[in-house]
Amino acid sequence: MSAVRIRGVGKRYTTATGETVTGLSPVSLSIEPGSFISIVGRSGCGKSTLLRLVAGLEQPTAGAVEIDGAPVAAPPDSVRYVFQNYAESLLPWKTVRENIRFGLRHAYALEGREADPRQWDAVIEEKLAEVGLHGISGRYPAELSGGMQQRVAIARALASRPRILLLDEPFSAVDALSRAKLQDLLLDVWRSHGLTILFVTHDIDEALYLSDRVIVLAPGGKGIEEDAPVTVSRPRDQIETRAHETYLNLRGEILHRVLQEGAPA
Amino acid sequence: MTAERTLPLPGLASAPRPNFAWARHYLRSRAFGWTLVALMLVAWQVTASAIFMPELPSLSAIGAEWVLQMREGELAPALLETLRVAAIGYAIAAVAGITVGFLMGRVRIIWAMAEPFVELLRQIPISAILPLLILYLGVDDALRIVIVVIVASFPILLNSFAGARSLSRTMRLTAETFRLSWWQTQVEIGLPAALPYILVGMRQALAMTLVMAVITGMLAGNSGIGYFILEAQQVLNVRALFAGVLTVAAVGYLLNAIFLLIERRLTRWRAIGTAGD
């Protein structure tokens, strides 16, 4: 069974002036459990809209999203969303520890030690270690760099034990060096937690490096333009993978396609 | 990241020029203003001691009168009475203002229902409805407290409303994706996000509360430090009059200082500058 099934899902908005705008023309997709899928496309192609529809944060005007076979009407328990804007997604009045605790308190289903709140202080340190953070649990998010804040946001999402993780351009506000490290971190937690990941980005390299499959959305919300499997072997490496022939060919193909589209950037 | 900031800037520490940093620092701090206050008080004391003026007693005479009035006179009970009215009125205003203002910001139907009332009522100066209030409430405790409540609620309400509206889209969606209930969203995210605004409103209201608590004592003509001042004027006890006025100023300053301390403690997370990537 698919982890996520998107059946003819589309979204139309009504603007303040009463015009109807297509946010996303109906698309259909089936996502296997445990896979890493990226959605790429230019601004306005509807990639973030699609992610919010899968998250249940918006309701489609056409079609339906199914998670584990059940239609999505509200944000499902097993799905967590990581926002681009970590500065507002992390609760700034809570320390890092309290933010992770927030994730634990609002978890999908806790097992073992995690089910016992008295163990949470230790669990929180483990969660932070898992995203490469040590000794910062007493700090406030504003005291951390952007990359560190996004790590905390990922740790908080993981603390609530999701099976499906949705990430909306999570690394686009982070500097290039931190971004490469965060990409590898995300691959690590994806593998170790057996997550299904849907990753939205405008960076084709990032999408190819991370994913099993790259979905290219056409500009103007016109739907899926290409659905390309990424056959480059795993585990991936920032230097080797990016020099791999299959990777470079795919990159060329997709870039060519995206750049050919007439719409101005 | 933070370590780098503490490194001295090269070439500045060893500058041979005379260093006026302390003077610049002083002139840009509040110590400068306090020095002026102290100088003014000294000038007052010297002038009033040198030239006898019934309308301007010396500070030492006012101080002696203050001690006398606090120990044996009416100042201490009057002050307590004013603070009691202020405290009750302020507490009611805080609860009502935060509740109504916050809910107006978070629940559309409550906004729709309450907004016209709020906008109409806040246009009315308290002095305009005073005769009506006296007619309905007499000149008792109830009148004094109600006046404080009316005046103090509006800044709290309006700021709580702005705070509730300040919740960003990302925060709202974060609450949704973590599946918080409506109630959890308000308590865990809405209120903390609104807190800095609420505190600004409460601090504005605090100053107005004390002013109104003093004035109502004069209006109703029978209680509190307002009445103490009025009475001192009527018997031409200028020293007691000054003692009363200066007490109000000192209490107001102290309350504000305590409030600022609490405010800083509660919103410590905001004082932290954003670190670079």
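Only this structure's heavy atoms are used, side chains among them; waters, hydrogens and symmetry mates stay out. Residue numbers start from 1 in every chain, and the chains themselves are labelled A, B, ... in the order their sequence lines are given, proteins ahead of strands.
Heavy atoms of A:L91 lying under 4.5 Å from chain B belong exclusively to its side chain. For a residue to count as touching a neighbouring chain, one of its non-hydrogen atoms must lie under 4.5 Å from one of that chain's; by this rule B:I189 touches chain A with backbone and side chain alike. Proximity to chain B (any heavy atom under 4.5 Å) is shown, for A:Y81, by both the backbone and the side chain. In this structure, the portions of A:R156 lying under 4.5 Å from any heavy atom of chain B include both its backbone and its side chain. Residue contact with chain B, scored on non-hydrogen atoms closer than 4.5 Å, involves the backbone and the side chain of A:S89 alike. A:P76 touches chain B through its backbone: at least one of N, CA, C or O sits under 4.5 Å from a heavy atom, while the side chain does not. Heavy atoms closer than 4.5 Å to chain B are found in the side chain of A:E58, but not in its backbone.
In the displayed structure, B:Q123 atom CD is contacted under 6.0 Å by more than 12 heavy atoms of other residues, nucleotides or ligands. Atom NZ of A:K94 is surrounded by more than 12 heavy atoms from other residues, nucleotides or ligands within 6.0 Å.
With respect to chain B, the highest number of heavy-atom pairs below 4.5 Å among A:F83, A:W93, A:F102, A:Y108 belongs to A:W93.
With rounding to the nearest 0.5 angstrom, the OH atom of A:Y140 is 13.5 Å from the CZ atom of B:R270.
Of all residues spanning residues 150-187 of chain B, those with a heavy atom less than 4.5 Å away from chain A's heavy atoms are B:S168, B:R169, B:T170, B:M171, B:L173, B:T174, B:E176, B:T177, B:F178, B:R179, B:L180, B:Q184, arranged by number. For residues 98-112 of chain B, heavy-atom neighbours of chain A at less than 4.5 Å comprise no residues at all.
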